[in-house]
Student: 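Structure incoming, see below.
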Amino acid sequence: MADGEHSKYRVAVASSDGETVNRHYGRAEKFFVYTVDDEEGYDLLEERNANPVCMGGSHMKAAMDESVRRFADCRYVVASRIGSGAAQSLTAAGIVGMELPGSIEEAIVKVWKYNRVQGLFNIE
């Protein structure tokens with residue numbers, strides 16, 4: 001990023017209550033999507049319903065692909081747990097999956113710090 005520019009991006013959070021990161025990615029029925037502005041903070045954009053794709057440790061590839069497409073506009077997906085198959089699918093789509101159980105606020109701060117550090121390596 002050039003001087004004077006700042007980053008805006010979306011973070012999808014797997015949560016049952018909108019306060020804590022307490023759902024497994026593949027079992028979550030809803031995600032809270034936040035818009036994060038590195039300079040100004042974050043705001044809840046929307047709640048997104050999801051169809052759980054985890055079936056006891058396995059999943060159908062088509063269902064996982066559809067699940068990942070649901071977050072194509074997000075840079076990060078945060079959950080209490082993300083299985084290796086889901087993590088690989090997210091990564092392949094250019095989405096960073098993070099396991100950050102705890103409060104949503106703390107998770108977003110961790111994502112923000114991570115994003116800032118990543119920005120240091122994006123030299124143009």
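Small disclaimer: the values here were computed from a predicted structure and weren't measured.
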Student: Going by the rule salt bridge (charged side-chain N to carboxylate O under 4.0 Å, His left out), which residues pair with E46 if we only count those two or more places apart in sequence or in a different chain?
Tutor: R48
Student: Excluding sequence neighbours, so at least two apart, what forms salt bridge (charged side-chain N to carboxylate O under 4.0 Å, His left out) with R10?
Tutor: D73
Student: In Å and rounded to the nearest 0.5 Å, what is the OG to CZ distance from S15 to R23?
Tutor: 9.0 Å
Student: Could you identify which residues cluster with L44, counting Ile, Leu, Val, Met, Phe, Trp and Tyr as linked when any side-chain heavy atoms lie under 4.5 Å apart, either directly or through a chain of such contacts?
Tutor: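 Reading the cluster by chain and number, L44 sits alongside Y9, V11, V13, V21, F32, Y34, V36, Y42, Y76, V78, V96, M98, L100, I104, I108, V111, W112, Y114.
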Student: Among residues at least two apart in sequence or on other chains, which ones pass side-chain hydrogen bond (donor to acceptor under 3.5 Å, both in side chains) with T20?
Tutor: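 Result, side-chain hydrogen bond (donor to acceptor under 3.5 Å, both in side chains) vs T20: D17, N22.
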Student: Using the side-chain hydrogen bond (donor to acceptor under 3.5 Å, both in side chains) criterion, which residues pair with E47? Sequence neighbours excluded.
Tutor: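 For E47 there are no side-chain hydrogen bond (donor to acceptor under 3.5 Å, both in side chains) partners, ignoring immediate neighbours.
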Student: Give, for atom SG of C74 and atom CG of L45, the distance between the pair rounded to the nearest 0.5 Å.
Tutor: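 One finds 8.5 Å between SG of C74 and CG of L45.
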Student: Is there a side-chain contact (heavy atoms from CB on, under 4.5 Å) between N51 and S67? Walk through the geometry before answering.
Tutor: CA-CA 8 Å; N51 295 321; S67 175; over 6 Å; no
Student: Please give me the minimum heavy-atom distance between S80 and H24, naming the atom from each residue.
Tutor: OG-N, 3.5 Å
Student: Over all heavy atoms of both residues, which pair between A28 and A50 is shortest? Give the atoms and the distance, please.
Tutor: O-CB, 3.7 Å
Student: Just verifying a value: how many Å separate T35 OG1 and K8 NZ, rounded to the nearest 0.5 Å?
Tutor: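 That separation rounds to 8.5 Å.
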Student: Give a yes-or-no answer on whether the side chains of R116 and S7 include a donor-acceptor pair shorter than 3.5 Å.
Tutor: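 On atom types as modelled, these side chains do not qualify, holding no pair under 3.5 Å.
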Student: E99: what forms a salt bridge (charged side-chain N to carboxylate O under 4.0 Å, His left out) with it, not counting sequence neighbours?
Tutor: R81
Student: Side-chain heavy atoms under 4.5 angstrom apart, residues restricted to Ile, Leu, Val, Met, Phe, Trp, Tyr: same cluster for M64 and I95?
Tutor: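 Yes, it is one cluster - the side chains of M64 and I95 are joined through contacts under 4.5 Å.
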Student: Salt bridge check: are E105 and K110 linked by an N-O gap of less than 4.0 Å?
Tutor: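 Salt bridge absent between E105 and K110.
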